[in-house]
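Contents: one structure, followed by commentary.
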Number of protein chains: 2
Amino acid sequence: MATQDRLIESTQELLWERGYVGTSPKAIQQRAGVGQGSMYHHFDGKPDLAAAALRRSAEQMRAVAEADLAGPGTAHDRVAAYLRRERDVLRGCRIGRMAQDPEVVADPRLRAPVEETFDWLRGRIAEVIAEGQAAGDLRPGAEPADLAAAVVAVVQGGYVLARAADSAEPFERAVRGALALLAAHRTD
Amino acid sequence: MATQDRLIESTQELLWERGYVGTSPKAIQQRAGVGQGSMYHHFDGKPDLAAAALRRSAEQMRAVAEADLAGPGTAHDRVAAYLRRERDVLRGCRIGRMAQDPEVVADPRLRAPVEETFDWLRGRIAEVIAEGQAAGDLRPGAEPADLAAAVVAVVQGGYVLARAADSAEPFERAVRGALALLAAHRTD
DNA sequence: GTCTATATGATGATAGAC
DNA sequence: GTCTATCATCATATAGAC
């Protein structure tokens with residue numbers, strides 16, 4: 001693998017594990033097996049490298065979500081598939097985690113991929129829900145964009161509860177609760 | 001105000017704004033208007049002071065939530081009041097934020113108040129929902145603990161979406177979505 | 001109890017050899 | 001392109017005067 005790619009991949013991992021503030025250039029270099037100069041040759045510095053890593057993580061997260069949302073079955077099935085997807089719950093969300101970091105939120109280059117990912121995800125789920133309402137699969141009346149935001153929030157909040165408890169259980173409960181609420185919106 | 005209290009309060013604010021990793025003893029001292037020696041006289045170090053600050057924030061968060069959950073109205077009304085409470089959305093949750101910090105999660109003294117707060121909150125909301133089901137206010141069948149976890153997750157996830165978007169809108173949408181889903185579980 | 005040195009290591013980056 | 005100095009600054013604490 002090329003040096004750039006190794007640097008980006010190491011940064012993706014470290015941002016996930018330790019956040020932006022907790023990730024040092026030195027740690028990135030060591031994990032990538034690369035010297036100082038090499039990193040600063042390919043990237044302007046920590047923010048530049050982090051931006052590249054976040055863009056790549058965002059792409060990957062979109063692809064994984066799209067696989068569930070474009071899958072087979074009714075709208076309800078596809079949203080349920082998204083909620084039920086197997087996740088490494090205690091590691092949290094690579095993208096959602098960044099929203100807690102003040103330096104990420106303050107830097108437009110770092111926040112952009114985070115914002116775009118959730119905008120896309122909420123919009124995509126809203127689309128599925130709207131289809132379901134139009135097809136008579138889901139009860140009409142509720143605003144699809146609101147329901148979509150709630151679905152995404154349950155997952156992101158589930159991660160928070162799981163890490164707080166050091167256990168996947170609260171995440172699984174939150175998902176089951178959301179599914180129970182959604183089931184009442186089915187018409188079949 | 002006593003020096004200890006000023007230190008604890010400054011630490012509460014800084015943990016909220018910058019997280020545990022991002023909060024330095026120096027910053028705490030400066031905000032409290034206190035010298036180095038003074039801080040180390042009253043507390044063993046950063047972890048000790050942070051633990052005291054988190055315990056106090058946890059107490060305060062419990063009291064605020066209990067005010068909504070013990071309020072007037074049906075079970076549905078009280079859960080809705082909790083969801084609808086006015087929040088400083090872009091600042092996020094003082095307690096939930098800590099769950100993202102690896103050093104907090106790794107240190108039992110720091111994680112304990114976080115875990116206990118969410119355990120209590122999920123349990124308390126589950127109690128209210130169970131009451132509502134027993135009273136015929138809420139549709140029976142769904143597991144109260146699951147619904148409670150979903151409700152708490154919507155709020156915590158709402159904060160994540162809001163900070164990602166640098167706007168309160170996704171939070172408000174998520175709450176509206178959750179309310180729409182809950183409304184379908186009312187029996188009146 | 002509070003303050004001002006002082007110490008040790010990490011952070012984020014630059015300089016310049018190879 | 002990659003490496004090894006080197007640097008200024010910050011983080012976290014200890015020591016000891018007052």
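A note on names: the letters A, B, ... follow the listed sequences, proteins ahead of strands, and every chain is numbered from 1.
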task: To the nearest Å, give me how far apart CZ (A/Arg18) and C1' (C/dG12) are.
output: 16 Å
- request: For B/Met39 and C/dT4, give me the distance from atom CE to atom P, rounded to whole Å.
  value: 16 Å
- request: May I ask you to check if B/Arg91 and B/Trp16 form a cation-pi contact, with NZ or CZ under 6.0 angstrom from the six-membered ring centre and within 45° of the axis?
  value: yes
query: Among the nucleotides D/dC3, C/dT2, C/dG12, which one has an atom lying closest to any side-chain atom of B/His41?
result: C/dT2
field: Any side-chain donor near an acceptor of the partner, A/Gln156 and B/Gln156, under 3.5 Å
entry: no
- line: With the side chain defined as heavy atoms from C-beta on, A/His42 is closest, among C/dT2, C/dG12, D/dT2, to D/dT2
- prompt: Looking at D/dT2, C/dC3, C/dA13, which one has an atom nearest to any side-chain atom of A/Pro25?
  reply: C/dA13
- prompt: Do B/Arg109 and B/Asp48 sit within salt-bridge range, that is, some charged N less than 4.0 Å from a carboxylate O?
  reply: yes
- request: Return the value, rounded to whole Å, for the distance between atom CD of A/Gln30 and atom C1' of C/dT11.
  value: 13 Å
message: Run A/Ile95 and A/Ser57 through side-chain contact (heavy atoms from CB on, under 4.5 Å) and show every step you take.
response: CA-CA 7 Å; A/Ile95 296 298; A/Ser57 291; 3.9 Å; yes
message: Without decimals, in angstroms, what is the distance between A/Gln36 CD and D/dT2 P?
response: 14 Å
message: Counting only side-chain heavy atoms from C-beta out, which of D/dC3, D/dA13, C/dT14 sits nearest to A/Tyr40?
response: C/dT14
message: Expressed as a whole number of angstroms, how long is the span from A/Gln29:CD to C/dA13:C1'?
response: 10 Å
task: Please determine if a side-chain N or O atom of A/Thr3 lies less than 4.0 Å away from the OP1 or OP2 oxygen of D/dG1.
output: no
field: Value in whole Å for how far the P atom of C/dG12 lies from CG of A/Asp48
entry: 15 Å
message: At less than 4.0 Å, is any side-chain N or O atom of A/Ser24 found next to OP1 or OP2 of C/dA10? Yes or no.
response: no
message: Check this for me: does any side-chain nitrogen of one of B/Arg31 and B/Glu17 sit under 4.0 Å from a carboxylate oxygen of the other?
response: yes
message: I need the CZ-P distance between B/Phe43 and C/dG1, as an integer number of Å.
response: 12 Å
- prompt: For A/Lys46 and C/dG12, is the shortest distance between a side-chain N/O and OP1 or OP2 below 4.0 Å?
  reply: yes
Rounded distance (Å) that lies between atom C1' of C/dA5 and atom NZ of B/Lys26: 14 Å
